[in-house]
J.: 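I have a structure here, written as C-alpha coordinates, and I will follow up with some questions on it.
Convention: sequence-line order gives letters A, B, ...; per-chain numbering from 1. Quantities reported herein were computed from a predicted structural model and do not represent experimental measurements.
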Amino acid sequence: MPDETIAEAAIRWFRDNARVLPWRHPDAGAWAILVSEVMLQQTPVTRVLPAYEAWLARWPTPATLAADEPGEAIRMWGRLGYPRRALRLHECATAIAERHAGVVPDDLDALLALPGVGAYTARAVAAFAYRQRQPVVDTNVRRFVARAATGLADAGHTTKPADLTATAALLPAEPELAAQASAAFMELGAVVCVARAPRCAICPVVDRCAWRAAGRPALEGPSRRPQTYAGTDRQVRGLLLAVLREAVEPVPRVRLDVVWPEPTQRDRALRGLIDDGLVDPLPGDLFTLPSGR
DNA sequence: AATCCGTGGCG
DNA sequence: TCGCCAAGGAT
(Lines give C-alpha, C1' and ligand atoms only; values in the text may rest on other atoms or scores of the structure.)
Protein backbone atom coordinates (compact mmCIF):
# COMPACT_ATOMS: atom_id res chain seq x y z
CA MET A 1 0.00 0.00 0.00
CA PRO A 2 2.48 2.65 -1.13
CA ASP A 3 -0.11 5.44 -1.19
CA GLU A 4 -1.07 4.86 2.43
CA THR A 5 -0.34 7.71 4.82
CA ILE A 6 1.47 7.23 8.10
CA ALA A 7 -1.83 7.53 9.94
CA GLU A 8 -3.60 5.02 7.72
CA ALA A 9 -0.83 2.48 8.11
CA ALA A 10 -0.77 3.04 11.87
CA ILE A 11 -4.54 2.62 12.17
CA ARG A 12 -4.50 -0.58 10.16
CA TRP A 13 -1.72 -1.99 12.31
CA PHE A 14 -3.47 -0.89 15.51
CA ARG A 15 -6.66 -2.75 14.59
CA ASP A 16 -4.79 -6.04 14.53
CA ASN A 17 -2.08 -5.49 17.11
CA ALA A 18 -3.37 -3.25 19.87
CA ARG A 19 -3.02 -4.56 23.40
CA VAL A 20 -6.34 -5.32 25.02
CA LEU A 21 -6.66 -2.76 27.81
CA PRO A 22 -9.78 -2.08 29.87
CA TRP A 23 -9.80 1.65 29.21
CA ARG A 24 -9.94 0.85 25.51
CA HIS A 25 -13.08 -1.24 25.91
CA PRO A 26 -16.22 0.28 24.37
CA ASP A 27 -17.83 0.28 27.81
CA ALA A 28 -15.18 2.60 29.22
CA GLY A 29 -16.74 6.01 29.70
CA ALA A 30 -15.07 9.38 30.00
CA TRP A 31 -14.57 9.01 33.75
CA ALA A 32 -12.91 5.63 33.39
CA ILE A 33 -10.68 6.98 30.64
CA LEU A 34 -9.79 10.04 32.71
CA VAL A 35 -8.88 7.85 35.68
CA SER A 36 -6.73 5.64 33.49
CA GLU A 37 -4.92 8.61 31.96
CA VAL A 38 -4.06 10.10 35.34
CA MET A 39 -2.86 6.75 36.66
CA LEU A 40 -0.76 6.22 33.55
CA GLN A 41 1.09 9.49 34.06
CA GLN A 42 4.58 8.11 34.69
CA THR A 43 3.36 4.71 35.86
CA PRO A 44 3.66 1.54 33.74
CA VAL A 45 0.55 -0.15 32.35
CA THR A 46 1.08 -3.39 34.24
CA ARG A 47 1.01 -1.64 37.59
CA VAL A 48 -1.97 0.51 36.69
CA LEU A 49 -4.25 -2.37 35.67
CA PRO A 50 -5.27 -3.68 39.13
CA ALA A 51 -5.43 -0.21 40.66
CA TYR A 52 -7.67 0.99 37.84
CA GLU A 53 -10.16 -1.82 38.35
CA ALA A 54 -10.29 -1.33 42.10
CA TRP A 55 -10.66 2.44 41.82
CA LEU A 56 -13.60 2.30 39.42
CA ALA A 57 -15.28 -0.46 41.38
CA ARG A 58 -15.25 1.81 44.41
CA TRP A 59 -15.86 5.13 42.65
CA PRO A 60 -17.73 4.49 39.39
CA THR A 61 -18.53 8.18 38.90
CA PRO A 62 -16.88 11.50 39.71
CA ALA A 63 -19.63 12.27 42.23
CA THR A 64 -18.95 9.12 44.24
CA LEU A 65 -15.29 10.00 44.55
CA ALA A 66 -16.07 13.63 45.37
CA ALA A 67 -18.34 12.47 48.19
CA ASP A 68 -15.52 10.51 49.79
CA GLU A 69 -12.53 11.88 51.68
CA PRO A 70 -9.37 12.89 49.83
CA GLY A 71 -7.39 10.72 52.23
CA GLU A 72 -9.30 7.69 50.97
CA ALA A 73 -8.19 8.53 47.43
CA ILE A 74 -4.58 8.72 48.62
CA ARG A 75 -4.97 5.42 50.45
CA MET A 76 -6.58 3.77 47.41
CA TRP A 77 -3.78 5.07 45.23
CA GLY A 78 -1.53 2.58 46.99
CA ARG A 79 1.94 2.37 45.59
CA LEU A 80 1.33 3.81 42.13
CA GLY A 81 3.70 6.65 42.98
CA TYR A 82 3.35 10.41 42.83
CA PRO A 83 0.45 10.46 45.30
CA ARG A 84 -0.26 14.09 44.48
CA ARG A 85 -2.02 12.64 41.46
CA ALA A 86 -4.52 10.96 43.75
CA LEU A 87 -5.20 14.22 45.53
CA ARG A 88 -5.58 16.04 42.22
CA LEU A 89 -7.91 13.36 40.93
CA HIS A 90 -10.09 13.85 43.97
CA GLU A 91 -10.06 17.61 43.41
CA CYS A 92 -10.84 16.93 39.78
CA ALA A 93 -13.84 14.79 40.70
CA THR A 94 -15.07 17.55 43.01
CA ALA A 95 -14.74 20.12 40.24
CA ILE A 96 -16.62 17.88 37.82
CA ALA A 97 -19.37 17.30 40.35
CA GLU A 98 -19.72 20.98 41.19
CA ARG A 99 -19.08 22.70 37.89
CA HIS A 100 -20.12 20.11 35.33
CA ALA A 101 -23.09 18.35 36.90
CA GLY A 102 -21.02 15.24 37.48
CA VAL A 103 -20.21 14.77 33.79
CA VAL A 104 -16.63 14.81 32.54
CA PRO A 105 -16.56 17.82 30.19
CA ASP A 106 -15.92 17.27 26.50
CA ASP A 107 -14.60 20.78 25.87
CA LEU A 108 -10.82 21.01 25.70
CA ASP A 109 -10.56 24.24 27.66
CA ALA A 110 -12.89 22.93 30.34
CA LEU A 111 -10.76 19.79 30.60
CA LEU A 112 -7.56 21.83 30.82
CA ALA A 113 -9.05 23.78 33.71
CA LEU A 114 -9.44 20.62 35.81
CA PRO A 115 -6.87 19.88 38.55
CA GLY A 116 -4.20 17.43 37.48
CA VAL A 117 -5.26 17.61 33.85
CA GLY A 118 -2.61 19.04 31.55
CA ALA A 119 -2.04 19.30 27.82
CA TYR A 120 -1.67 15.57 27.36
CA THR A 121 -4.48 14.29 29.56
CA ALA A 122 -7.02 16.85 28.35
CA ARG A 123 -6.48 15.90 24.73
CA ALA A 124 -6.41 12.19 25.54
CA VAL A 125 -9.87 12.44 27.12
CA ALA A 126 -11.18 14.60 24.26
CA ALA A 127 -9.90 12.13 21.69
CA PHE A 128 -10.40 8.75 23.34
CA ALA A 129 -13.60 9.41 25.26
CA TYR A 130 -15.28 11.94 22.99
CA ARG A 131 -13.69 10.96 19.67
CA GLN A 132 -12.51 14.45 18.84
CA ARG A 133 -9.71 15.35 16.48
CA GLN A 134 -6.99 16.42 18.91
CA PRO A 135 -3.24 15.84 18.79
CA VAL A 136 -2.58 13.58 21.76
CA VAL A 137 1.08 14.03 22.48
CA ASP A 138 2.85 12.06 25.16
CA THR A 139 6.46 10.97 25.29
CA ASN A 140 5.80 8.00 23.02
CA VAL A 141 4.02 10.05 20.37
CA ARG A 142 6.69 12.72 20.47
CA ARG A 143 9.36 10.15 19.81
CA PHE A 144 7.34 8.42 17.09
CA VAL A 145 6.56 11.68 15.29
CA ALA A 146 10.10 12.99 15.69
CA ARG A 147 11.39 9.88 13.97
CA ALA A 148 8.76 9.05 11.38
CA ALA A 149 7.93 12.57 10.25
CA THR A 150 10.93 14.69 11.18
CA GLY A 151 13.79 12.21 10.98
CA LEU A 152 15.25 12.92 14.40
CA ALA A 153 16.23 10.22 16.87
CA ASP A 154 13.98 11.70 19.52
CA ALA A 155 12.10 14.82 20.56
CA GLY A 156 13.22 17.32 23.18
CA HIS A 157 12.80 16.87 26.88
CA THR A 158 9.68 18.98 27.16
CA THR A 159 6.57 19.08 25.01
CA LYS A 160 6.46 22.21 22.89
CA PRO A 161 3.71 23.69 20.72
CA ALA A 162 5.64 22.45 17.69
CA ASP A 163 5.07 18.88 18.88
CA LEU A 164 1.32 19.43 18.82
CA THR A 165 1.50 20.98 15.38
CA ALA A 166 3.65 18.22 13.97
CA THR A 167 1.34 15.54 15.36
CA ALA A 168 -1.83 17.30 14.24
CA ALA A 169 -0.43 17.46 10.72
CA LEU A 170 -0.42 13.66 10.62
CA LEU A 171 -4.02 13.22 11.76
CA PRO A 172 -6.77 12.40 9.28
CA ALA A 173 -9.41 15.10 8.87
CA GLU A 174 -12.26 12.90 10.02
CA PRO A 175 -12.45 13.02 13.85
CA GLU A 176 -13.09 9.31 14.46
CA LEU A 177 -10.14 8.36 12.28
CA ALA A 178 -8.02 11.01 13.97
CA ALA A 179 -8.84 9.51 17.37
CA GLN A 180 -7.89 6.07 16.08
CA ALA A 181 -4.65 7.46 14.70
CA SER A 182 -3.80 9.06 18.04
CA ALA A 183 -4.30 5.76 19.83
CA ALA A 184 -2.24 4.01 17.18
CA PHE A 185 0.63 6.50 17.45
CA MET A 186 0.75 6.02 21.20
CA GLU A 187 0.76 2.26 20.86
CA LEU A 188 3.46 2.32 18.20
CA GLY A 189 5.61 4.56 20.38
CA ALA A 190 5.08 2.34 23.40
CA VAL A 191 5.54 -1.05 21.77
CA VAL A 192 7.43 -0.69 18.47
CA CYS A 193 9.10 2.69 18.16
CA VAL A 194 10.64 2.42 21.61
CA ALA A 195 13.53 4.56 22.79
CA ARG A 196 16.29 1.99 23.25
CA ALA A 197 15.95 -0.66 20.57
CA PRO A 198 13.20 0.26 18.11
CA ARG A 199 11.65 -2.75 16.39
CA CYS A 200 11.74 -1.35 12.88
CA ALA A 201 11.40 -4.83 11.40
CA ILE A 202 7.78 -5.04 12.52
CA CYS A 203 6.91 -1.36 12.12
CA PRO A 204 3.98 -0.70 9.78
CA VAL A 205 5.38 2.73 8.94
CA VAL A 206 8.98 1.81 8.25
CA ASP A 207 8.62 2.51 4.52
CA ARG A 208 7.68 6.12 5.21
CA CYS A 209 9.91 6.71 8.23
CA ALA A 210 12.13 9.76 7.81
CA TRP A 211 14.48 8.61 10.55
CA ARG A 212 14.91 5.22 8.91
CA ALA A 213 15.47 6.87 5.54
CA ALA A 214 18.20 9.03 7.05
CA GLY A 215 19.99 5.94 8.34
CA ARG A 216 18.75 6.18 11.92
CA PRO A 217 21.11 8.96 13.05
CA ALA A 218 21.93 8.91 16.75
CA LEU A 219 20.70 11.41 19.25
CA GLU A 220 22.98 14.42 19.43
CA GLY A 221 22.34 16.63 22.45
CA PRO A 222 23.37 15.85 26.03
CA SER A 223 21.29 13.23 27.76
CA ARG A 224 19.42 14.36 30.79
CA ARG A 225 20.67 12.88 34.00
CA PRO A 226 17.93 11.38 36.07
CA GLN A 227 18.39 12.27 39.68
CA THR A 228 19.06 9.42 42.01
CA TYR A 229 16.24 8.37 44.25
CA ALA A 230 17.99 6.92 47.28
CA GLY A 231 18.41 9.51 49.97
CA THR A 232 16.18 12.14 48.36
CA ASP A 233 13.25 13.91 49.90
CA ARG A 234 11.06 11.92 47.55
CA GLN A 235 12.14 8.69 49.15
CA VAL A 236 11.55 10.06 52.63
CA ARG A 237 8.13 11.40 51.65
CA GLY A 238 7.29 7.99 50.26
CA LEU A 239 8.31 6.27 53.46
CA LEU A 240 6.32 8.69 55.61
CA LEU A 241 3.21 8.43 53.49
CA ALA A 242 3.42 4.64 53.42
CA VAL A 243 3.04 4.64 57.21
CA LEU A 244 -0.03 6.85 57.03
CA ARG A 245 -1.60 4.83 54.21
CA GLU A 246 -1.44 1.67 56.27
CA ALA A 247 -2.66 3.27 59.48
CA VAL A 248 -6.34 3.28 60.41
CA GLU A 249 -5.99 5.71 63.28
CA PRO A 250 -4.03 8.98 63.44
CA VAL A 251 -0.33 8.30 63.81
CA PRO A 252 1.86 9.83 66.55
CA ARG A 253 5.04 11.55 65.38
CA VAL A 254 7.27 8.90 66.89
CA ARG A 255 5.95 6.35 64.42
CA LEU A 256 7.01 8.65 61.59
CA ASP A 257 10.38 9.39 63.15
CA VAL A 258 11.51 5.77 62.83
CA VAL A 259 11.32 5.71 59.03
CA TRP A 260 14.29 8.07 58.56
CA PRO A 261 17.22 8.73 60.89
CA GLU A 262 18.12 12.26 59.79
CA PRO A 263 15.75 14.70 61.53
CA THR A 264 16.32 17.74 59.32
CA GLN A 265 15.42 15.95 56.11
CA ARG A 266 12.65 14.03 57.83
CA ASP A 267 11.02 17.20 59.09
CA ARG A 268 11.40 18.89 55.74
CA ALA A 269 9.74 15.94 54.01
CA LEU A 270 6.85 15.86 56.48
CA ARG A 271 6.38 19.60 56.19
CA GLY A 272 6.33 19.23 52.42
CA LEU A 273 3.64 16.57 52.58
CA ILE A 274 1.55 18.83 54.81
CA ASP A 275 2.08 21.80 52.50
CA ASP A 276 0.98 19.66 49.57
CA GLY A 277 -2.21 18.67 51.37
CA LEU A 278 -1.24 15.01 51.45
CA VAL A 279 -1.01 14.92 55.24
CA ASP A 280 -3.10 16.59 57.94
CA PRO A 281 -1.49 17.50 61.27
CA LEU A 282 -3.79 17.02 64.26
CA PRO A 283 -3.58 18.34 67.81
CA GLY A 284 -1.37 16.20 70.06
CA ASP A 285 1.38 15.72 67.46
CA LEU A 286 -0.73 13.29 65.46
CA PHE A 287 -0.86 12.93 61.70
CA THR A 288 -3.34 11.44 59.21
CA LEU A 289 -4.25 11.39 55.58
CA PRO A 290 -6.46 14.42 54.82
CA SER A 291 -10.10 14.13 55.78
CA GLY A 292 -11.16 17.09 53.71
CA ARG A 293 -12.43 19.75 56.13
C1' DA B 1 12.88 26.61 31.76
C1' DA B 2 14.48 23.69 35.10
C1' DT B 3 13.15 21.11 39.01
C1' DC B 4 10.38 18.62 41.90
C1' DC B 5 7.25 14.92 42.68
C1' DG B 6 7.15 7.74 43.84
C1' DT B 7 7.60 3.24 42.74
C1' DG B 8 9.09 -1.26 41.30
C1' DG B 9 10.68 -4.08 37.49
C1' DC B 10 14.18 -5.15 34.32
C1' DG B 11 18.77 -5.89 31.59
C1' DT C 1 24.03 -5.28 41.37
C1' DC C 2 22.16 -0.97 40.10
C1' DG C 3 21.33 2.47 36.71
C1' DC C 4 17.48 3.40 34.01
C1' DC C 5 13.03 4.61 33.33
C1' DA C 6 7.14 4.35 32.52
C1' DA C 7 0.58 7.22 28.82
C1' DG C 8 2.92 14.28 32.92
C1' DG C 9 1.65 18.23 35.74
C1' DA C 10 2.59 22.19 38.55
C1' DT C 11 5.47 25.77 39.81
J.: Of all the nucleotides listed (C/dC4, B/dG8, B/dC5), which has the minimum atom distance to the side chain of A/Arg196?
T.: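 The listed nucleotide nearest to A/Arg196's side chain is C/dC4.
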J.: Say whether A/Arg85 and A/Thr43, considering side chains only, have a donor N or O and an acceptor N or O under 3.5 Å apart.
T.: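 A/Thr43 and A/Arg85 do have a side-chain donor-acceptor pair below 3.5 Å.
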J.: State whether A/Arg47 places a side-chain N or O below 4.0 Å from either non-bridging phosphate oxygen (OP1 or OP2) of C/dC5.
T.: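 For C/dC5, OP1/OP2 do not have a side-chain N/O of A/Arg47 under 4.0 Å.
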J.: Base, sugar-phosphate alone, or nothing: which one does A/Thr139 contact when heavy atoms must sit under 4.0 Å apart?
T.: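 Answer is sugar-phosphate: A/Thr139 comes under 4.0 Å of backbone atoms only.
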J.: Given atom CG of A/Asp138 and atom C1' of C/dC5, what is their separation to the nearest angstrom?
T.: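 It works out to 14 Å between those atoms.
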J.: Using the P atom as the reference point in each nucleotide, state the distance between C/dT11 and B/dG6 in Å, no decimals.
T.: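 The same atom, P, in both gives a distance of 14 Å.
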J.: Using the 3.5 Å cut-off, write out each protein N or O paired with an N or O of nucleotides 9-11 of chain C and the distance between them.
T.:
residue : atom : partner  : partner atom : Å
C/dG9   : OP1  : A/Gly118 : N            : 2.9
C/dG9   : OP1  : A/Thr121 : N            : 3.0
C/dG9   : OP1  : A/Thr121 : OG1          : 2.7
C/dG9   : OP2  : A/Tyr120 : N            : 3.2
C/dA10  : OP1  : A/Gly116 : N            : 2.9

J.: To the nearest angstrom, how far is A/Gln235 atom CD from B/dG8 atom P?
T.: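 Whole-Å distance recorded here is 11 Å.
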J.: State, without any angle test, whether A/Arg15 and A/Gln180 hold a side-chain donor-acceptor pair at a distance under 3.5 Å.
T.: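 Result is yes, a qualifying pair exists.
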J.: Where the side chain of A/Arg245 is concerned, which of C/dA6, B/dT7, B/dC5 is the nearest nucleotide?
T.: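 The closest nucleotide is B/dT7.
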J.: Looking for any heavy atom pair under 4.0 Å, which part of the strands does A/Arg19 touch: base, sugar-phosphate only, or nothing?
T.: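 A/Arg19: base contact, heavy atoms under 4.0 Å.
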J.: When A/Phe287 is tested against each of A/Leu282, A/Asp280, A/Ile274, A/Leu273 for side chain to side chain contact (heavy atoms under 4.5 Å, CB included), which residue passes?
T.: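 The single option meeting the side chain to side chain contact (heavy atoms under 4.5 Å, CB included) with A/Phe287 is A/Ile274.
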J.: With sugar-phosphate meaning primed atoms plus P, OP1 and OP2, does A/Ile33 contact a base, only sugar-phosphate, or nothing at under 4.0 Å between heavy atoms?
T.: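 Contact class for A/Ile33: none.
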J.: Measuring centre to centre across the rings, with the benzene-like ring taken for any Trp, is A/Trp31 within less than 6.0 Å of A/Trp59?
T.: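 Not close enough - the centres of the two rings lie 6.0 Å or further apart.
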J.: I need the CG-P distance between A/Leu111 and C/dG8, as an integer number of Å.
T.: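 The distance from CG of A/Leu111 to P of C/dG8 comes to 18 Å, rounded to the nearest Å.
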J.: Do A/Thr121 and A/Gln41 have side-chain atoms, one donor and one acceptor, less than 3.5 Å apart?
T.: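 Yes, a side-chain donor-acceptor pair sits under 3.5 Å.
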J.: Using whole Å, what does the distance between atom P of nucleotide B/dT3 and atom CG of A/Asp276 come to?
T.: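 Result: 19 Å.
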J.: Roughly, in whole Å, what's the span from CG in A/Asp163 to P in C/dA7?
T.: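 The distance from CG of A/Asp163 to P of C/dA7 comes to 15 Å, rounded to the nearest Å.
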J.: Looking across every strand, which nucleic acid part, if any, lies under 4.0 Å from A/Trp23 by heavy atom: base, sugar-phosphate, or nothing?
T.: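 Here A/Trp23 touches the bases of the nucleic acid.
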J.: Rounded off to whole Å, could you give me the CG-to-C1' distance for the A/Leu80 and B/dG8 pair?
T.: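 These atoms are roughly 11 Å apart.
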J.: Between A/Arg271 (CZ) and B/dC4 (C1'), how many Å, whole number?
T.: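 The distance from CZ of A/Arg271 to C1' of B/dC4 comes to 17 Å, rounded to the nearest Å.
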J.: Mapping A/Leu241 and A/Thr158 to their closest nucleotides on DNA chain B, which lands nearer the 5' end?
T.: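 The answer here is A/Thr158.
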J.: C/dA6, C/dA7, B/dG6: which one has an atom nearest the side-chain heavy atoms of A/Arg85?
T.: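 Of C/dA6, C/dA7, B/dG6, B/dG6 is nearest to the side chain of A/Arg85.
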J.: What is the distance, rounded to the nearest whole Å, between atom CZ of A/Arg234 and atom C1' of B/dT7?
T.: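 Taking CZ of A/Arg234 and C1' of B/dT7, I get 10 Å after rounding.
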J.: Could you check which of C/dG8, B/dC5, B/dT7 has an atom nearest any side-chain atom of A/Gln42?
T.: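 So the nucleotide nearest the side chain must be C/dG8.
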J.: For A/Arg268, answer base if it contacts any base atom (sugar-phosphate contacts may also be present), sugar-phosphate if it contacts only those atoms, and nothing otherwise; contact means non-hydrogen atoms under 4.0 Å.
T.: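 No contact.
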J.: Is a side-chain donor or acceptor of A/Arg253 paired with a backbone partner of A/Asp285 at a separation under 3.5 angstrom?
T.: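 Here the side-chain-to-backbone pair does not exist.
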J.: Does some side-chain heavy atom of A/Val192 sit less than 4.5 Å from a side-chain heavy atom of A/Phe144?
T.: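 They are not in side-chain contact.
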J.: Could you verify whether a donor N or O on one side chain and an acceptor N or O on the other, from A/Arg234 and A/Tyr82, lie under 3.5 Å apart?
T.: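 Present: a donor and an acceptor within the cut-off.
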J.: If you measure from the P atom in C/dA7 to the same atom in B/dA2, how many Å do you get, rounded?
T.: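 Between the two P atoms, the distance is 22 Å.
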